[in-house]
Enquirer: 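Pasting a structure here, questions to come.
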2 protein chains.
Amino acid sequence: MQQSPVPPETPIYRRIADRLREAILSGELRDGDRLPGENALMAQHGIARATARQALSVLINEGLAVPKRGSGVYVRQFRPLRRHGSRRLSQERWGRGQAIWDSDTRGRPYTVDDMQIAREEAEEEIARVLDSAEVWVRRRRYSVDGRPVQMSVSYFPAALVEGTAVVREDTGPGGVYARLGDLGHAPAHFTEELRARMPHPHETVLLDLPAGTPVIVIMRTAYSANGIPVEVNEMILDSASYVLQYDFDA
Amino acid sequence: MQQSPVPPETPIYRRIADRLREAILSGELRDGDRLPGENALMAQHGIARATARQALSVLINEGLAVPKRGSGVYVRQFRPLRRHGSRRLSQERWGRGQAIWDSDTRGRPYTVDDMQIAREEAEEEIARVLDSAEVWVRRRRYSVDGRPVQMSVSYFPAALVEGTAVVREDTGPGGVYARLGDLGHAPAHFTEELRARMPHPHETVLLDLPAGTPVIVIMRTAYSANGIPVEVNEMILDSASYVLQYDFDA
DNA sequence: AAGTGGTCTAGACCACCTT
DNA sequence: AGGTGGTCTAGACCACTTC
């Protein structure tokens with residue numbers, strides 16, 4: 001009924017979480033291994049259910065563990081894809097580049113689902129950047145190995161692409177950028193603005209994100225050679241599925 | 001003692017959290033505003049303390065709200081700095097670039113604290129990339145307006161920088177990169193590998209991060225003109241304090 | 001002094017997964 | 001059938017902030 005008279009400096013649930021985190025980060029518990037469950041923690045430490053849950057919730061919110069209903073709590077894995085920002089400048093040019101983080105994009109193709117194309121009134125920021133109140137919008141979701149990894153929304157100035165293949169489902173060989181080129185507005189420069197944050201609920205659903213998984217938000221603006229913005233592309237990435245790489249010269 | 005016979009499709013705590021999130025994202029509740037507290041939610045919805053707490057914890061773990069002991073739970077703000085990856089290629093070159101996200105780096109200087117310099121045995125990954133088992137390490141933390149925003153650790157091949165100003169506290173005009181230049185190894189190419197994840201506990205402490213705040217991890221490798229890696233710089237950024245910008249050509 | 005969030009106990013019913 | 005995590009109740013003591 002009464003807890004120990006002098007509360008220990010760090011709360012019980014936190015010390016338990018620390019112990020488990022150590023086991024995970026040290027590799028003692030490996031990817032996919034099962035953590036001690038609520039009942040096990042209650043018995044081992046003589047604590048109440050809520051306290052055991054709180055300990056596990058720490059690791060879950062840190063993205064180190066994933067709960068599976070009716071089964072247990074498991075160590076989470078990190079197997080990223082590699083996304084290249086500026087491919088043309090990539091390491092092949094000066095060779096010898098060594099990657100810090102492994103990734104395994106090899107051979108696994110993207111799948112596109114939920115493609116949607118529509119003409120819309122632009123949100124404030126998009127309208128400002130594209131200098132156009134009306135835009136054509138292409139929405140899609142990318143999956144790898146059947147698991148969603150990215151949502152992407154492209155915006156084009158309506159006047160620029162009206163009636164072209166850019167607003168059709170099948171954009172033809174070379175895709176949207178080739179069509180923009182046909183129009184005399186081939187993308188020549190890119191700006192990517194990037195931030196990370198916790199996902200909103202609809203993003204959690206669409207990307208099937210476990211708790212403790214941030215998203216990376218990329219706002220990419222494409223400019224034609226004469227400096228006209230021709231596309232804004234907003235991407236929401238599952239941070240557990242990606243390593244981003246940017247290469248550039250001094 | 002008994003809850004309603006047919007449990008509602010979505011749990012109570014989640015519906016409350018949804019309502020509050022809506023209020024935050026719609027701007028009805030603004031930056032720094034106080035959310036209804038545990039007692040208020042208990043009274044308004046006729047629920048137990050733990051349920052009210054659970055509702056608030058959702059928003060806290062989403063990074064939308066910050067709890068303040070003895071005071072209340074408040075709407076969190078996002079006022080990022082802007083970090084430029086490839087400045088030389090930046091938008092000024094072709095003009096007209098419009099930023100999607102506001103940021104206010106203007107005039108606010110970085111402060112460096114906790115500078116540490118040491119000779120160490122390199123971790124496996126660093127040793128592999130730098131092709132050197134022994135490294136000199138420079139650690140420091142950057143703050144803006146007295147609030148920590150970034151931790152940074154630079155690694156140099158020991159043989160390359162031994163006895164030079166690179167391993168001294170004061171690196172002189174132009175800093176470390178200028179000294180590498182003096183040695184005939186001026187950085188000419190950069191690769192940045194970037195990911196986002198929830199912070200580890202020591203990062204939470206050192207960056208003073210509220211719950212629900214991811215970190216952005218950047219591993220930056222600098223190569224000299226002839227392709228030799230001369231520095232690896234690992235940066236841990238508070239994701240709520242940064243927008244990253246990369247500019248490049250097609 | 002009163003109110004707030006932080007921690008903890010000891011129960012309960014439920015849906016879900018494994019066996 | 002039994003174990004697991006998900007939700008919820010009704011209390012308790014505490015440290016801290018605000019007034």
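Just so it is clear: chains get the letters A, B, ... in the order the sequence lines come, proteins before strands, and each one is counted from 1. For clarity, every value in this text was computed on a predicted model and none was experimentally measured.
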Enquirer: Does the base of D/dG3 carry an N or O that pairs as donor and acceptor with the side chain of A/Arg69 under 3.5 Å?
Expert: no

Enquirer: When you measure from the centre of the six-membered ring of A/Phe78, is the NZ or CZ of B/Arg195 closer than 6.0 Å and no more than 45° off the axis?
Expert: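 So B/Arg195 does make the cation-pi contact.
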
Enquirer: Side-chain N or O of B/Arg49 versus OP1/OP2 of D/dG11: is the shortest distance under 4.0 Å?
Expert: no

Enquirer: Starting at CD1 of A/Ile12 and ending at C1' of C/dG6, how long is that distance when rounded to a whole Å?
Expert: 13 Å

Enquirer: Can you name the residues that form a side chain to side chain contact (heavy atoms under 4.5 Å, CB included) with B/Met151, not counting sequence neighbours?
Expert: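 Here the qualifying residues are B/Arg141, B/Glu203, B/Leu206, B/Leu207, B/Ile236.
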
Enquirer: With no hydrogens and no angle check, just 3.5 Å: does a side-chain donor-acceptor pair link B/Arg140 and B/Tyr142?
Expert: yes

Enquirer: Tell me: CD of B/Glu38 to P of D/dG11, nearest whole Å?
Expert: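 To the nearest whole Å, that distance equals 17 Å.
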
Enquirer: Please report the distance, rounded to the nearest Å, between CZ in A/Arg14 and P in C/dG6.
Expert: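 Between P of C/dG6 and CZ of A/Arg14: 11 Å.
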
Enquirer: Respond yes when some side-chain nitrogen or oxygen of B/Arg53 is under 4.0 Å from OP1 or OP2 of C/dG6, and no when none is.
Expert: yes

Enquirer: Between B/Ala50 and B/Val73, which residue's closest nucleotide on DNA chain C lies nearer the 5′ terminus?
Expert: B/Val73

Enquirer: Take the protein atom CD1 of B/Ile16 and the nucleotide atom C1' of D/dC8, then report the distance between them rounded to whole Å.
Expert: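 Rounded to the whole Å, the gap is 12 Å.
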
Enquirer: At 4.0 Å (heavy atoms only), tell me whether B/Leu56 reaches a base, stays on the sugar-phosphate, or touches nothing.
Expert: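 Since no nucleic acid heavy atom lies under 4.0 Å of B/Leu56, the category is nothing.
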
Enquirer: With a 4.0 Å cutoff (strictly under), does any side-chain N or O of A/Thr51 reach OP1 or OP2 of C/dT9?
Expert: yes

Enquirer: Would a 4.5 Å heavy-atom cut-off, applied to side chains only, mark B/Thr221 and B/Glu231 as touching?
Expert: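 A side-chain contact under 4.5 Å is absent here.
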
Enquirer: To the nearest angstrom, how far is A/Lys68 atom NZ from D/dG6 atom C1'?
Expert: 16 Å

Enquirer: Measure from CG on A/Asn39 to P on C/dA10 and round the result to the nearest Å.
Expert: 15 Å

Enquirer: Just by distance, no angles: are the side chains of B/Tyr155 and B/Glu120 close enough, under 3.5 Å, to form a donor-acceptor pair?
Expert: no

Enquirer: Output the rounded distance in Å from CG (B/Leu41) to P (C/dG3).
Expert: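 Going from B/Leu41 (CG) to C/dG3 (P), I get 17 Å.
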
Enquirer: Ignoring backbone atoms, test whether A/Tyr13 places a side-chain nitrogen or oxygen under 4.0 Å from the OP1 or OP2 oxygen of C/dT7.
Expert: yes

Enquirer: Would you kindly compare A/Pro36 and B/Gly46 by the position of their nearest DNA chain D nucleotide and give the one closer to the 5′ end?
Expert: A/Pro36

Enquirer: B/Gln54 has an atom CD; how far is it from atom P of C/dG5, in whole Å?
Expert: 16 Å

Enquirer: For A/Ala48 and for A/Ser71, locate the closest nucleotide of DNA chain C by heavy-atom distance; then report the residue assigned to the nucleotide nearer the 5' terminus.
Expert: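 Result of the comparison: A/Ala48.
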
